[in-house]
Amino acid sequence: MSLLWLFGVVAAVELIGVATDSTLLQWLAKPLLAPVLLVHLLRVRRRVDPVAVGLVFATGGDIALLVDGDTAFLVGMGCFLGTQVAFLTAFLRHRRPPVAAVAAYLACWAAANLVLWNSLGPLRLPVLGYSLALSLMAAAAAGVSRRVALGGGLFLISDLLIGMGAAGSRIPGHGLAVMTTYIAALLLITTGWAAATAAGTRPTAGGPARAPGPVPGAAR
């Protein structure tokens, strides 16, 4: 039985907690988001791969960001850096991303950091490095599938909103927007990756996946 229904319940509790500013609900739900998807992924893939490792890092990041303060924020950023590097590794192994996607995401990275630079203070360099890894992950996601590409884009939007908040700029419903885009990103990346790699195809660099020959086995 799929565990995605459980993820839906946990996500709903988390979003209610954010909307009502309930610390208890957020502590109950947020640390379970990535683990539920991790178990789902392991049941589908039956092995640990970089995306699974990325979900482990995401769990640590979610817990760290429940704690107030710059130190916890930096710890959370470090954990999510591990997530981005793990996802990036998986996606690049699967297929080379389109050059246009890489160029577009790098342009967005440069523009966002230019706009936020003066407002980030001591967080400038950590955000600069983390956002580069995030942008490269989102670009690489475009080479996997449309679902994974959408997830990568939403992950970037979610973290851009967090960066705006760190710079002192918040939109109406800021916390809810951050978590909604993040939850959707995790779900799309996990399920999209499982679908793209469990379809019995072998990726080729810079081109579409091809059906495997007589050698048994398939990439995740």
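In this text the structure is predicted, and so the values were computed from the model without any measurement. Only this structure's heavy atoms are used, side chains among them; waters, hydrogens and symmetry mates stay out.
Nearest heavy atom pair, residue G175 against residue V18, reads C-CG1, 3.5 Å. Residues L33 and M179 share a closest heavy-atom pair of CD1-CE, 3.9 Å. Closest of all the heavy-atom pairs between A185 and G151 is CB-O, 3.3 Å. Residues F87 and V51 approach most closely at CE2-O, 3.4 Å, considering heavy atoms. In this structure, G192 and V148 approach most closely via the heavy-atom pair C-CG2, 3.4 Å. Pairing each heavy atom of L88 with each of A140, the nearest pair is CD1-CB, 3.6 Å.
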field: Working for side chain to side chain contact (heavy atoms under 4.5 Å, CB included), residues H40 and F7
entry: CA-CA 9 Å; H40 168 76; F7 179 79; over 6 Å; no

Report the C-alpha distance between S131 and N113 in whole Å, list the side-chain angles of each, state the deciding distance to 0.1 Å, and finish with yes or no for side chain to side chain donor-acceptor pair (under 3.5 Å). CA-CA 8 Å; S131 59; N113 278 277; 3.1 Å; yes

Could you give me the CA-CA distance, side-chain angles and deciding distance for L150 and I189, then say whether side chain to side chain contact (heavy atoms under 4.5 Å, CB included) is met?
-> CA-CA 8 Å; L150 179 57; I189 288 172; over 6 Å; no

After noting the C-alpha distance and the side-chain angles of F155 and Q84, does the key distance pass the side chain to side chain contact (heavy atoms under 4.5 Å, CB included) rule?
CA-CA 10 Å; F155 212 135; Q84 307 311 338; 3.3 Å; yes

* To do: Apply the test side chain to side chain contact (heavy atoms under 4.5 Å, CB included) to residues V127 and L116: give CA-CA distance (whole Å), side-chain angles for both, the deciding distance (0.1 Å), then the verdict.
  => CA-CA 10 Å; V127 168; L116 298 176; 5.8 Å; no

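Rounding to the nearest 0.5 Å places CG of L154 at 12.0 Å from CG of L160. Rounded to the nearest 0.5 angstrom, L38 CG and L42 CG are separated by 4.5 Å. Within the model, atoms CD1 of I63 and SG of C79 stand 8.5 Å from one another, a figure rounded to the nearest 0.5 Å. Taking CG from N118 and CZ from R124, the interatomic distance works out to 5.5 Å, rounded to the nearest 0.5 Å. The distance from the CG atom of L37 to the CG atom of L3 is 9.0 Å, given to the nearest 0.5 Å. Taken from CD1 in I157 to OG1 in T180, the straight-line distance is 12.0 Å, to the nearest 0.5 Å.
The hydrophobic clustering, which links ILVMFWY residues whose side-chain heavy atoms are closer than 4.5 Å, places L132 and L125 together. Criterion: ILVMFWY side-chain heavy atoms under 4.5 Å apart, direct or through other members. Under it, L65 and V75 are not part of a common hydrophobic cluster. Note on I183: it clusters hydrophobically with V9, by side-chain heavy-atom contacts below 4.5 Å among ILVMFWY residues. Note on L123: it does not cluster hydrophobically with L114, by side-chain heavy-atom contacts below 4.5 Å among ILVMFWY residues. Hydrophobic clustering (side-chain heavy atoms under 4.5 Å, transitive across Ile, Leu, Val, Met, Phe, Trp, Tyr) groups L15 together with L161.
Proximity of the aromatic rings of F80 and Y182 is defined here by a centroid distance below 6.0 angstrom, and this criterion is met.
For Y130, the OH atom counts as densely surrounded, since its 6.0 Å shell holds more than 12 non-hydrogen atoms of other residues, nucleotides or ligands.
Inter-residue side-chain proximity for F91 and W193 is flagged as met; some heavy-atom pair is nearer than 4.5 Å. The side-chain heavy atoms of F73 and V67, taken from C-beta on, include no pair separated by under 4.5 Å. Using a 4.5 Å cut-off on side-chain heavy atoms (C-beta onward), P126 and L74 make contact. Taking 4.5 Å as the limit, some side-chain heavy atom of M164 sits within range of a side-chain heavy atom of I171. Between T181 and D159, every side-chain heavy-atom pair lies at or beyond the 4.5 Å cut-off. With contacts defined as side-chain heavy-atom distances shorter than 4.5 Å, the pair W109/L136 does not qualify.
Judged by distance alone, with hydrogens and angles left aside, the side-chain atoms of T83 form a donor-acceptor pair with the main-chain N or O of A58 at under 3.5 Å. Panel note: side chain S22, backbone G17; no donor-acceptor pair is recorded below 3.5 Å. Remark: side-chain polar atoms of T89 are not paired, donor with acceptor, to backbone N or O of P50 under 3.5 angstrom.
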